[in-house]
Amino acid sequence: MTALLLALVAGAVIGLALGGLGGGGSVLAVPALIYLLGLTPAEATTAGLVIVALTSVTALVAHARDGNVTWRTGLLFAAAGIVPAMAAGAAAGRLPQTVLTAAFAVVAALAALRMLRPARTGTSGQVHSGKAGAAGAGLGAVTGFLGVGGGFLAVPALVSVLNLPMRRAVGTSLLVITVNSLAALGARAGTGVQLDWAVVAPFTAAAVLGAWDGKRLSKKIKGGTLQRLFAYVLLAVAVLMLVDVVV
C-alpha cells in the first residue's frame with residue numbers, strides 16, 4: 001500500500017510539471033523510481049520511458065487542441081533523434097548502475113541550471129536545418145540513454161534553433177518527446193530489463209491525470225515561477241544523487 005501511494009503521489013507531481021512546462025517533469029521520474037520505489041537505475045530508466053511516452057501523448061493532445069503543435073517541424077526534429085535514441089537505449093541497459101546514476105545526476109543538474117536561465121521568447125526567423133538535425137540527434141541520445149523525455153532540452157532547442165514561439169515550442173516538444181521515447185523503448189525491448197507493473201502502472205496513470213491538470217495550472221500560474229520552483233527541486237535531487245554515487 002505504501003509503494004502504491006508513493007507511486008500515485010510521485011506520478012501526479014511529475015505529470016503536473018510535464019503538462020505545465022512542456023518538459024522537465026519527466027527528469028524527476030527516474031530518481032523517484034529509484035529512491036522512493038526501490039527500482040534499479042536500469043529498471044527506472046526503462047520505466048521512465050514508459051511513463052514519459054504515455055504522459056507526453058496526453059499532454060500533446062491538450063496542447064494540440066489549442067493549436068500549439070507544429071507537426072511538420074516536430075516530426076522532422078524527432079526523426080533526427082530516432083536512431084540515436086535506439087542506439088543509446090540499447091547501450092544503457094548494459095552499463096553499470098553507478099554510471100547510469102552519475103550520468104543522470106549530471107544531466108539533471110544541467111537541466112535545472114538551464115531552467116533558471118531567462119527564457120527566450122522565440123521568433124519567426126530563419127530555421128537552421130543543420131543545427132536542427134544535430135540538436136534532434138543529441139536529444140534522442142539523451143532520451144534513449146537516461147530514460148527521460150528531454151523536454152528541458154527540446155524546448156530551448158526549438159526556440160533558439162528552429163525559431164518557434166515559446167508556446168508552440170512547448171507543445172511541439174511533447175511530440176518530439178513521444179517519438180524519441182517510443183524509439184528508445186523499442187531498443188530496450190531486448191535488453192532483458194523487467195518492469196514492476198504494480199509500481200509503473202499507477203505511477204503512469206497518476207502522471208497522465210496530472211498532465212491534464214498541469215496544462216490548466218499553466219494558465220493560472222506564471223510559467224517562470226513554476227519553472228524556477230521545479231528547477232530548485234531538480235537541482236537538489238541531482239546533488240543528492242551525486243552524493244549517493246560518491247559515498
Under 3.5 Å, side chain of [X] to main-chain N/O of [Y], donor-acceptor pair present?
X      : Y      : answer
Thr172 : Thr70  : yes
Ser181 : Thr178 : no
Thr45  : Ala42  : yes

Indicate yes or no: at least one non-hydrogen side-chain atom of [X] is less than 4.5 angstrom from one of [Y].
X      : Y      : value
Val245 : Phe104 : no
Val69  : Leu174 : no
Leu33  : Glu43  : no
Thr46  : Leu195 : yes

Nearest-0.5 Å distance, CE of residue Met241 to CD1 of residue Ile34: 4.5 Å

Which heavy atom in [X] sits nearest to a heavy atom in [Y], and how many Å separate them?
X      : Y      : answer
Ala103 : Phe145 : CB-CE2, 3.8 Å
Ala80  : Pro84  : O-CD, 3.5 Å
Ala7   : Val199 : CB-O, 3.8 Å
Asn180 : Ala78  : OD1-O, 3.6 Å
Ala102 : Leu242 : O-CD2, 4.2 Å

Test of understanding: clusters of I, L, V, M, F, W, Y form through side-chain heavy atoms closer than 4.5 Å, transitively. Do [X] and [Y] belong to the same one?
X      : Y      : result
Leu75  : Leu60  : yes
Leu6   : Leu39  : yes
Leu182 : Val142 : no
Val30  : Leu235 : no
Leu185 : Trp197 : yes

Which pairs count as side-chain hydrogen bond (donor to acceptor under 3.5 Å, both in side chains) when at least one residue sits in residues 237-247, sequence neighbours excluded? Tyr35-Asp244

